[in-house]
Every structure is written in C-alpha cells, then in structure tokens.
Amino acid sequence: MNFSTAFKDPDLSRSLVERLHRELDRPLRFMEVCGTHTVAIFQSGMRPLLPAGVKHLSGPGCPVCVTHESEVAAYLQLAEKPGVIIATFGDLMRVPGPGGDNLKLAQAKGARVEIVYSAHDALKLAADNPGDTVVFLGIGFETTAPTVAATVLMARQQGLANFCVLSFHKLVPPALRALLADPDCAVDAFLLPGHVSTILGMEPYRFVADEFHTPGIIAGFDPVDILQALLIMVEQRKTGEFAIVNSYRRAVDDAGNPRAREILDTVFQTADALWRGIGCIPGSGLVFRPEFEQYDAMARLGLTLPEAGPIAGCKCGDVLKGKMQPCDCPLFAKACTPAKPVGPCMVSTEGSCAAYFKYNVEA
C-alpha cells in the first residue's frame with residue numbers, strides 16, 4: 001500500500017467504522033461546510049455504514065448554493081448591459097434568479113456570457129476583447145479568492161483596464177459563528193473544510209471550540225480522513241475537552257498559507273455579505289479596497305443589489321442551515337431535479353440536494 005491509497009484502504013476504513021460503532025455513546029449531528037466533503041461522503045458509500053446515532057448535515061459550503069438571490073439578480077442585471085462580457089464558472093449558468101431567469105437564458109437572449117475555469121481565463125478574455133468590459137463573477141470562499149486577487153494584480157501589471165470583478169466572495173468562519181449563534185442550531189460538531197483550511201490554517205476556527213464548546217476537525221476527503229475525524233468528535237464529546245484539530249496535515253499547515261492571505265488582503269477587505277437562507281452575516285464578504293476600485297464591477301458599472309425574495313417553495317436556506325434534509329423538501333425530486341432545478345442546491349454538482357438526488361438518498 002502506498003501513501004496515496006492508504007486513506008482509501010477498505011480494511012482500515014472498516015476497522016474505523018467498527019470502532020465508531022463501539023465508541024459512540026450519544027447521538028452525533030455533524031455538519032460539513034465544504035461541497036467536496038458533501039460529494040466525498042456520498043461517493044464513499046459510508047453513510048449507510050455509520051451508526052444510527054450519527055447524523056450527517058450539509059452546511060453552507062457550496063459556493064453556488066450560498067449565493068444570495070439578490071446577487072443572482074445582479075448577475076442578470078449585468079447581463080443586460082451593452083459592451084459587457086460576463087466570465088463565469090459553469091455552475092452559475094443555471095442558478096435561478098427572479099422569475100426563474102438565469103444566465104443560460106440570458107445568453108440565449110443575446111447576452112455575452114463565457115464559461116471559464118479560472119479568473120486567469122477571464123483575464124485572457126479581456127486581452128482578446130479590448131473594446132469590451134470583461135466582468136468575472138467572483139464567487140467562492142477563501143480557497144479561490146486569493147487567485148482572484150492575484151489575477152487583479154496581474155491585470156494592473158499588464159495594464160488591462162477592461163477587466164473587472166463582481167466580488168461576491170464569502171468567508172467561512174463568520175458563517176460558522178452565525179450558525180452556532182442561532183438558538184435553533186442543532187450541530188454537535190463541524191467537519192471543517194480541507195481546501196479552505198489550506199489558506200486559513202487553524203486559528204480562525206478557534207472560537208468554535210473556545211466560545212461554543214463544539215468540536216471542529218479539519219479533515220481530508222478520503223474515507224479514512226472522514227472516519228478519523230468522526231472518531232475525534234466522539235472522543236471530544238466524551239471528555240468535554242473541545243478543540244480545533246488539524247487531521248489533514250498532509251495538506252494543511254497549522255498556520256495555513258500566509259502568502260495567499262497577504263495577496264488576498266492586498267486587494268480585498270472584509271464587509272458584511274448576504275448568504276442564501278441565512279441573511280446578512282457581518283464581516284463575511286470581500287469587497288475591493290479603495291485603491292483597486294477600478295476593478296470593482298459594482299462601482300465601475302453602477303450596479304446595485306436588487307431586492308429579491310426567496311424562490312417560492314424552495315427550502316435551500318433550511319437545508320444550508322442544517323434544519324432540513326434535502327429529501328424533506330416538498331419539491332425534492334418532483335418539481336426540483338438536476339434537469340430542472342428550482343433552487344441552487346440542486347444546480348451545483350457540490351450541492352447537497354444534487355448529491356441526495358444522484359445517490360438516491362431518502363434520509
């Protein structure tokens with residue numbers, strides 16, 4: 001067995017599941033806040049093998065899913081502007097906005113919308129179209145935001161004045177605080193996001209254990225990673241000694257990536273932000289610093305966040321807060337499917353509703 005396959009080893013995974021059955025002494029409701037964890041847990045097939053007392057909740061860890069209705073409305077507002085090319089990740093194309101419209105429909109009506117795989121691709125698009133304004137739709141968490149900041153610095157260095165970003169980036173720790181501060185929160189422990197933690201390290205999560213007495217385990221995405229994390233949660237709840245644990249040391253340094261955070265902080269500053277189903281969370285978003293305002297699509301193009309209420313019947317907000325399982329939504333697998341999604345959690349491949357549908361999960 002080599003290092004790359006050890007964390008997928010069936011025998012080791014089986015022994016960890018057996019140990020979890022032996023050691024679990026009370027119900028455990030754990031929440032992951034990472035779309036990759038959502039998919040990894042389903043793909044591994046471990047959910048049916050877990051003790052009946054272990055409940056898996058998918059929190060606000062899918063970038064597309066947490067994008068607020070008003071932000072989607074702003075994308076559609078932007079699509080109507082002449083001389084603008086929108087550069088976006090593919091998942092955003094079908095996220096429903098007001099009246100059921102989305103970027104895919106806007107594209108069909110003539111809007112210039114290009115799918116890209118990185119912010120750097122959008123920069124090349126700007127270089128190839130000097131007569132147009134290229135707007136990159138900036139979504140995602142601390143993992144992708146530094147790459148967007150680096151692209152902005154490259155645009156300035158290359159003198160590409162026709163490139164800008166509509167920044168709706170989100171920060172994970174403030175969302176965890178908002179969830180834990182909710183008196184109806186029923187989360188016993190957090191499976192903390194591996195990718196985000198490569199940037200943040202451990203320190204930004206300390207409050208989860210120190211203030212809210214809740215275990216928080218940074219974990220990788222293989223079965224052994226996740227099962228080990230669950231065992232640490234069980235142990236901490238037995239002893240009553242709560243801590244943030246880095247169980248993904250092959251990828252995450254305790255201090256994170258200071259250089260990435262430095263680049264991020266050079267271009268962006270924190271601000272309040274809207275999250276779908278949660279509302280406004282203080283200090284959970286990223287906006288441009290004044291010295292980079294020329295790259296801020298909101299200021300440059302005179303955009304505003306339109307008023308946009310929740311999609312009728314959609315329960316994505318309750319799913320993201322762990323208050324409802326996707327299969328409990330009355331629209332799930334009926335009016336709302338991946339082929340015709342009503343809400344964003346069914347659009348993204350990392351969305352919990354899409355995962356429940358794909359893997360035919362009923363509870």
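Every value quoted in this text rests on a predicted model; they were computed, and no experiment measured them.
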To the nearest 0.5 Å, how far apart are [atom1] in [X] and [atom2] in [Y]?
X      : Y      : atom1 : atom2 : value
Met298 : Cys164 : CE    : SG    : 11.5 Å
Phe163 : Ile85  : CZ    : CD1   : 12.5 Å
Thr144 : Leu264 : OG1   : CG    : 9.5 Å

NZ/NE/NH1/NH2 to OD/OE distance under 4.0 Å, [X] and [Y]:
X      : Y      : result
Asp182 : Arg177 : no
Asp225 : Lys8   : no
Lys124 : Asp121 : no
Arg237 : Glu23  : no
Asp254 : Arg249 : yes
Arg276 : Glu71  : no
Lys238 : Asp25  : no
Glu203 : Arg206 : yes

Main-chain N/O of [Y] paired with [X] side-chain donor or acceptor, under 3.5 Å:
X      : Y      : value
Asn102 : Lys104 : yes
Ser284 : Leu171 : no
Ser70  : His68  : no
His21  : Leu49  : yes
Thr38  : Cys34  : yes
Asp132 : Val84  : no
Glu69  : Ala308 : no

**Message:** Let's go through Tyr75 and Phe168 carefully: what are the C-alpha distance in whole Å and the side-chain angles of both, what is the deciding distance for ring-ring contact (aromatic ring centres under 6.0 Å, His included) to 0.1 Å, and is it a yes or a no?
**Reply:** CA-CA 11 Å; Tyr75 297 155; Phe168 292 140; 5.7 Å; yes
**Message:** Check the orientation of Phe242 and His213. Use parallel for under 30°, tilted for 30 to 60°, and perpendicular for over 60°.
**Reply:** tilted
**Prompt:** Which of parallel (below 30°), tilted (30 to 60°) and perpendicular (above 60°) describes His37 and Phe221?
**Reply:**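 Judged by the thresholds at 30° and 60°, the geometry between His37 and Phe221 is tilted.
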**Request:** Tell me whether Trp275 is reachable from Leu92 by hopping between hydrophobic residues (I, L, V, M, F, W, Y) whose side-chain heavy atoms are closer than 4.5 Å.
**Result:**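 Not linked; separate clusters.
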**Asked** Ser167 and His169: side chain to side chain donor-acceptor pair (under 3.5 Å), yes or no, with the steps?
**Response** CA-CA 6 Å; Ser167 177; His169 296 99; 3.0 Å; yes
**Asked** Quick check, are the ring centers of Phe136 and Phe89 under 6.0 angstrom apart?
**Response**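 Between Phe89 and Phe136, which both carry aromatic rings, the centre distance is below 6.0 Å.
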**Prompt:** Less than 6.0 Å separating the ring centroids of Phe288 and Phe268?
**Reply:** yes
**Request:** Would you check, one step at a time, whether the test side chain to side chain donor-acceptor pair (under 3.5 Å) holds for Tyr205 with Ser197?
**Result:** CA-CA 9 Å; Tyr205 304 119; Ser197 299; 2.9 Å; yes
Do [X] and [Y] touch side chain to side chain, with heavy atoms closer than 4.5 Å?
X      : Y      : value
Gln325 : Lys55  : yes
Cys65  : Leu320 : yes
Tyr295 : Thr151 : no
Leu227 : Met46  : yes
Val64  : Glu350 : no
Leu176 : Phe207 : yes
Gln236 : Val245 : yes
Asp188 : Phe30  : no

**Message:** Just by distance, no angles: are the side chains of Glu32 and Ser58 close enough, under 3.5 Å, to form a donor-acceptor pair?
**Reply:** yes
**Prompt:** Among Val66, Val319, Ile281, whose side-chain contact (heavy atoms from CB on, under 4.5 Å) with Pro60 holds?
**Reply:**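 The option that passes is Val66.
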